[in-house]
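What follows is a set of notes on a single structure, which appears directly below.
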Protein chains: 2
Amino acid sequence: MPAVRVTFHPDGTAVDVESGSTLLDAARKAGVMIASICGGDGICGRCRVQVRSGTVDAAPTALLTRDEIQDGYVLACQTRVSEGVEVGVPAEARGDGAQILIDEDARRFRALAPALGGVQEYPYDPIVRKLYVDLPPPTLHDHLGCQERLYREIRRHVEPAAMQMGLKVLQTLPRQHRDSEWKVTATLGNRGETTEVIQVEEGDRSGACYGIVVDIGTSTVVVHLVDLTDSKTLDAEACYNSQMPYGAEVTRRIIHAERQGAEALRDAVVGDINDLVSAIVARTDVELHDIAACFASGNTTMLHFLLGLDTASIRKSPYVPTTTCPPPVRAAEVGIRINPRGLLYAMPSIGSWVGGDITAGILATGLADTDRLTMLIDVGTNGEIVLGNNDWMLSCATSAGPAFEGSGVKCGMRASSGAIERVTFDDDGIHLETIGDAKPLGICGSGLIDAIAGLFETGHIDRSGQLLPERSGRIREMDGLLEFVLVPAEEAAEEEAIVITQADIENLLRAKAAIYAGAKILLESTEHSFADIDQLLIAGGFGNYLDGRKAVLLGMIPDIPTERIHFVGNTSLNGAKMALLSRAAFERSREIARSATYYDLITYPHYYEEFMSAKFLPHTDLELFPTVGESIAASTAERSGANR
Amino acid sequence: MPAVRVTFHPDGTAVDVESGSTLLDAARKAGVMIASICGGDGICGRCRVQVRSGTVDAAPTALLTRDEIQDGYVLACQTRVSEGVEVGVPAEARGDGAQILIDEDARRFRALAPALGGVQEYPYDPIVRKLYVDLPPPTLHDHLGCQERLYREIRRHVEPAAMQMGLKVLQTLPRQHRDSEWKVTATLGNRGETTEVIQVEEGDRSGACYGIVVDIGTSTVVVHLVDLTDSKTLDAEACYNSQMPYGAEVTRRIIHAERQGAEALRDAVVGDINDLVSAIVARTDVELHDIAACFASGNTTMLHFLLGLDTASIRKSPYVPTTTCPPPVRAAEVGIRINPRGLLYAMPSIGSWVGGDITAGILATGLADTDRLTMLIDVGTNGEIVLGNNDWMLSCATSAGPAFEGSGVKCGMRASSGAIERVTFDDDGIHLETIGDAKPLGICGSGLIDAIAGLFETGHIDRSGQLLPERSGRIREMDGLLEFVLVPAEEAAEEEAIVITQADIENLLRAKAAIYAGAKILLESTEHSFADIDQLLIAGGFGNYLDGRKAVLLGMIPDIPTERIHFVGNTSLNGAKMALLSRAAFERSREIARSATYYDLITYPHYYEEFMSAKFLPHTDLELFPTVGESIAASTAERSGANR
């Protein structure tokens with residue numbers, strides 16, 4: 001294959017690729033960030049670029065307007081090159097980096113969807129459903145009103161419940177009954193103790209009933225489209241949370257909302273949801289009109305922002321949210337564009353800092369239904385921990401800080417193109433893997449864990465995390481601070497060394513110590529030890545990348561037999577999907593939220609002490625980590641032998 | 001007192017009145033129609049006229065704007081004359097006549113209000129209430145969310161119930177809690193099985209909680225303002241139903257709605273309600289904001305129009321309404337201007353032609369709670385009849401036609417200034433009383449009944465209602481039709497004889513026959529006779545004027561002992577007020593509506609036969625009216641003696 005040159009503007013970055021490559025491949029090879037949230041399937045429309053010179057072979061797409069096509073716009077992932085071209089990358093396509101993490105997320109969620117086993121424990125019985133009824137036409141002896149006639153028929157099909165109907169639905173009912181010859185489809189929505197007739201359509205429309213599930217993470221928003229008639233997940237989309245500019249951490253965003261109002265934060269996340277739903281709708285034959293429910297999960301603050309609720313008291317002692325159990329409202333009321341009468345549900349929270357995402361996690365994992373002692377750790381900017389079983393549940397939140405997400409770290413970056421995501425130390429030196437195989441730009445969370453675990457294993461840092469300059473020439477002092485040179489300047493994309501500083505290590509130690517200390521306190525306050533844990537479940541987008549052995553080595557998770565440790569993925573999303581698909585599961589989530597005890601670590605006198613003890617590698621008390629102790633002994637002996 | 005001349009324009013009608021008379025007195029004396037719904041108390045603002053020349057003594061009023069006062073506008077009832085003046089009567093003040101009936105109604109309702117006894121059978125427990133709660137501020141050990149904290153406190157005061165709260169209320173809750181130092185007032189509204197927190201106010205606002213009760217009659221709209229904290233009726237207003245131009249009868253209005261949409265009909269009645277509420281609010285210190293509930297009663301069609309519901313199928317067999325039990329909705333949703341989150345309730349109907357007004361009547365009279373066999377007749381354009389007791393209830397509607405309201409009658413008019421309302425025949429001749437003592441203009445319903453009863457008693461008509469020309473020179477033939485000259489042309493206001501035609505008599509006979517036949521069929525179908533009726537209750541604005549003895553004489557109501565006949569006034573309004581003031585009464589009204597059987601007279605094979613038999617005076621079967629039989633015998637004997 002002959003090579004052709006592709007030049008990307010405005011930077012002028014040029015790359016030679018094989019003829020037949022896509023512009024997206026070329027961009028990745030060149031280290032040029034082009035947004036893509038569909039994994040190159042040509043369905044998200046985010047990788048829109050402009051061909052300024054040269055001829056390309058672009059697949060037909062409905063995601064570009066006629067005007068855009070005339071102006072030379074193409075989708076980078078759907079456009080192949082066979083001659084030299086000049087390509088302009090618009091600012092919006094550059095976005096916040098080539099969102100590889102998100103691509104992976106979207107794929108992973110699609111793969112997970114059919115494996116959703118938990119819902120099978122609950123009867124399939126969606127909280128919003130369509131019911132087709134063939135009403136007996138009225139006669140002189142059966143002259144029940146239109147509303148009462150419909151109610152009577154609905155009650156013949158579904159369990160008797162209090163029913164309600166809005167004025168707008170009632171106003172059109174008689175005409176619909178007449179026009180359809182008394183054959184109508186009622187959309188029924190669960191509203192606490194009552195069932196609302198959300199809308200009535202003429203004829204049989206019971207086959208077209210969809211819902212969306214939204215997981216609002218502090219950094220990522222994920223949407224799944226679910227067919228409510230058969231519980232199948234049809235499609236998924238994900239993007240970064242557009243609230244990021246208002247602060248990477250929850251607390252920052254709350255402060256922003258206090259000072260400048262919460263509208264911008266709500267608009268940001270609602271915009272994300274609408275964009276994701278639009279993208280999905282654009283590539284399926286589902287109409288927005290037929291999406292009658294939206295089920296949102298996320299931490300308490302994210303759900304508050306979504307609903308436009310006051311978050312001020314969440315961040316201040318005694319940490320009181322506006323509500324832990326938001327009522328169903330019309331999705332349109334917050335600006336979500338689905339059926340205008342469609343309902344928006346939110347996963348109930350346990351407390352201000354243990355949110356609906358954790359309730360969903362408990363639901364999705366079955367933690368509340370097992371008699372085995374189970375610990376669930378949801379790793380993210382906040383590390384939430386739940387300990388319990390079918391008898392009791394205790395939960396707490398630790399502020400791990402953003403180190404796990406590559407933030408607050410000198411050379412940290414999010415998991416996007418160029419990020420070092422894997423680090424292996426062996427006899428030949430240090431081996432790096434970067435996302436997109438690009439020249440290293442920085443280091444993301446999983447890379448940081450790998451690197452620090454490696455530094456510890458190889459004796460570059462001691463158990464307190466102190467870099468040991470005598471161990472390697474890669475350890476240097478800059479501005480009075482020690483740092484380990486992971487990538488020398490000449491090998492780095494930006495020709496500046498990628499380093500791990502003493503401060504970075506301490507950040508990570510604080511983060512892992514916070515989680516470990518929280519976990520330990522939950523155990524101790526119930527008179528358990530780590531050895532009693534039958535199942536340790538690690539959830540979160542992060543969990544996907546985490547190397548369990550290294551997490552144990554660092555003392556981030558306890559040293560228990562590997563077979564007890566399970567990575568369970570995005571349980572926030574999966575739990576919300578279960579609640580959407582089963583009224584019993586939704587009811588169960590409310591019970592979980594009510595019954596799980598929120599344990600405020602600040603009120604625990606020994607928390608700080610535990611936290612300080614956990615700031616060692618793996619821990620001050622090595623007996624807590626017997627396998628790590630052995631490993632340390634072995635490698636120390638090996639190094640001693642080598643040095644001798 | 002010297003006489004001064006008042007000239008009314010645009011007609012140029014002049015009248016001499018005593019100095020010190022009000023312009024309203026002058027207008028009435030002159031036969032100039034000026035609307036007034038407050039009875040001359042200066043509180044409705046309807047009698048606004050413009051003084052064009054001359055000086056008047058006008059009492060201060062807040063019902064006129066600064067501009068209007070500068071332009072010479074005054075309230076006719078509050079303005080006294082001491083010199084000759086020229087007065088312009090604007091079209092809107094002329095309205096549909098000087099609404100004397102309505103004045104009387106308004107006074108009557110005010111007098112009735114304290115006599116409302118029925119509600120005492122139900123616990124005072126309004127369907128909307130305000131509850132002041134002093135919330136325990138959150139602590140680290142009691143960190144319940146704002147919503148849950150409020151719910152918990154509410155549940156400590158009122159019986160546990162499912163609760164709900166709209167997003168708008170939830171959004172401001174934390175700020176209100178903080179600003180009020182956790183002392184707030186929740187307005188709780190009954191919504192079927194759930195209790196809605198309609199609004200939350202800071203501090204103790206529990207003393208300011210009001211509701212309005214609206215009776216939407218086909219011709220009259222009445223509003224009462226009720227203090228929900230002590231159940232007292234504070235004020236009342238009434239006006240003609242502005243739907244009148246769309247048809248005097250319900251059916252005409254339905255046809256209008258089918259052809260041109262129901263918006264105009266809804267706007268008309270909602271405008272009336274808003275005007276009445278405004279008038280009340282203007283003269284009390286109640287703020288619209290504190291009116292949190294509106295309870296509407298009326299026939300099924302009126303309630304449909306109010307809610308913007310489709311009425312088409314009401315008038316067509318099998319006569320199916322949109323709903324017999326309208327859900328509570330926000331009053332603002334139909335345009336009623338009270339608290340924007342205030343709820344609008346409607347009295348449940350029994351069927352398409354036996355509406356919420358009759359349910360209210362059953363509730364207000366206690367018909368459903370007595371073991372005595374009771375018949376309730378609500379006399380109006382439609383005559384609805386209920387027969388039953390605490391064990392069973394049967395109801396039907398008869399289309400009496402508008403004769404009782406003075407319509408469809410050659411010289412008929414509504415009960416306003418100049419209408420003949422009383423007719424007495426004695427040896428000296430015929431004595432007339434007109435409303436406002438004006439020169440007779442026409443005859444209203446009560447006058448028609450009086451006149452026809454008198455014609456019958458005096459032998460001017462026979463038992464079939466035929467005028468007997470040989471009996472009197474006042475009976476003449478015009479265009480081939482017999483008529484009785486009640487007022488010769490020279491004594492009439494418009495210098496044309498006021499007559500009662502053979503057709504008018506037949507109209508009235510049809511109307512009274514319809515009611516009587518309906519009543520008889522209800523009795524027969526339950527194997528009863530009139531003699532079994534323990535209580536006969538006559539309800540309706542009409543009932544106020546009806547002379548019971550004459551109604552029996554005509555055979556409109558059965559010939560039962562007078563002590564069993566009771567005039568019960570506007571039970572539609574009184575029942576609605578009970579439901580507003582007692583959740584138990586409201587619940588009882590729903591039970592009544594469900595349990596009362598609607599009996600469609602059209603399905604009854606003998607209805608036509610009964611109707612035809614009842615078209616005689618008092619009835620074909622004189623044995624049904626023994627006292628009338630005796631009276632006829634006596635007066636016939638007397639006349640024979642006199643003639644001999």
Side-chain angles (χ1 to χ4, degrees), chain A residues 137-151 161-168 170-175 177-178 191-194 262 300 307-314 317-330 333-334 344 349 351-352 594 598 600 602-603, chain B residues 137-151 161-168 170-175 177-178 191-194 262 300 307-314 317-330 333-334 344 349 351-352 594 598 600 602-603:
Chain A
T139 66
L140 278 173
H141 297 283
D142 174 19
H143 43 65
L144 216 53
C146 289
Q147 183 188 32
E148 292 77 17
R149 184 168 301 270
L150 181 62
Y151 279 9
M163 298 224 271
Q164 61 183 79
M165 184 185 280
L167 191 56
K168 287 201 165 36
L170 194 55
Q171 284 169 342
T172 57
L173 204 56
R175 186 187 48 69
H177 280 182
R178 286 194 299 270
R191 277 204 130 163
E193 283 76 4
T194 66
T300 308
L307 293 166
L309 301 179
D310 192 325
T311 49
S313 54
I314 287 181
S317 177
Y319 317 107
V320 173
T322 296
T323 179
T324 46
C325 197
V329 299
R330 297 239 180 275
E333 216 178 330
V334 303
L344 168 63
S349 298
S352 271
R594 274 195 299 268
Y598 171 57
D600 197 318
I602 287 174
T603 64
Chain B
T139 65
L140 278 173
H141 298 282
D142 175 18
H143 44 64
L144 216 52
C146 289
Q147 183 188 31
E148 292 76 18
R149 183 169 302 269
L150 181 62
Y151 280 10
M163 299 224 272
Q164 61 183 76
M165 185 186 281
L167 191 55
K168 287 202 167 35
L170 195 54
Q171 283 169 342
T172 56
L173 203 55
R175 187 187 48 68
H177 280 183
R178 285 194 301 269
R191 278 205 129 160
E193 283 77 4
T194 67
T300 309
L307 292 167
L309 301 179
D310 192 326
T311 49
S313 55
I314 287 181
S317 176
Y319 317 108
V320 173
T322 296
T323 179
T324 47
C325 196
V329 299
R330 297 239 178 276
E333 216 179 329
V334 304
L344 168 63
S349 297
S352 270
R594 274 195 301 269
Y598 172 57
D600 197 318
I602 287 174
T603 65

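In what follows, chains carry the letters A, B, and so on, assigned in the order in which the sequence lines appear, proteins first and then strands, with residues in each chain numbered from 1.
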Quiz item: Which residues pass the side-chain hydrogen bond (donor to acceptor under 3.5 Å, both in side chains) test with Arg594(B), sequence neighbours left out?
Solution: none
Practice problem: Against chain A, work out which of Met163(B), His143(B), Arg149(B), Arg330(B) has the most heavy-atom pairs shorter than 4.5 Å and name it. | Solution: His143(B)
Quiz item: Tell me, side chain or backbone of Tyr598(B) under 4.5 Å from chain A's heavy atoms, or both, or neither?
Solution: both
Practice problem: Can you tell which part of Glu193(A) gets under 4.5 Å to a heavy atom of chain B, answering side chain, backbone, both or neither? | Solution: side chain
Quiz item: What's the spacing between Asp310(B) CG and Leu170(A) CG if we round to 0.5 Å?
Solution: 10.0 Å
Quiz item: Which value, rounded to the nearest 0.5 Å, describes the distance between Arg178(A) atom CZ and Ser313(B) atom OG?
Solution: 6.0 Å
Quiz prompt | Under 4.5 Å from any heavy atom of chain A - which part of Arg191(B) | solution = neither
Self-check item: Distance, nearest 0.5 Å, that separates CD of Gln147(A) from CD of Gln164(A)
Solution: 10.5 Å
Exercise. Please answer whether the main-chain N or O of Gly351(A) pairs with a side-chain N or O of Thr300(A) as donor and acceptor at a distance below 3.5 Å.
Key: yes
Exercise. Determine the option with the most heavy-atom pairs under 4.5 angstrom with chain A, choosing from Thr311(B), Asp142(B), Leu307(B).
Key: Leu307(B)
Practice problem: For chain B, find which of Thr322(A), Thr324(A), Val320(A) contributes the most heavy-atom pairs closer than 4.5 angstrom. | Solution: Thr322(A)
Quiz item: Listed by chain and number, what are the side-chain hydrogen bond (donor to acceptor under 3.5 Å, both in side chains) partners of Tyr319(A), not counting sequence neighbours?
Solution: none
Quiz item: Contact part of Leu144(B) toward chain A, heavy-atom cut-off under 4.5 Å: side chain, backbone, both or neither?
Solution: backbone
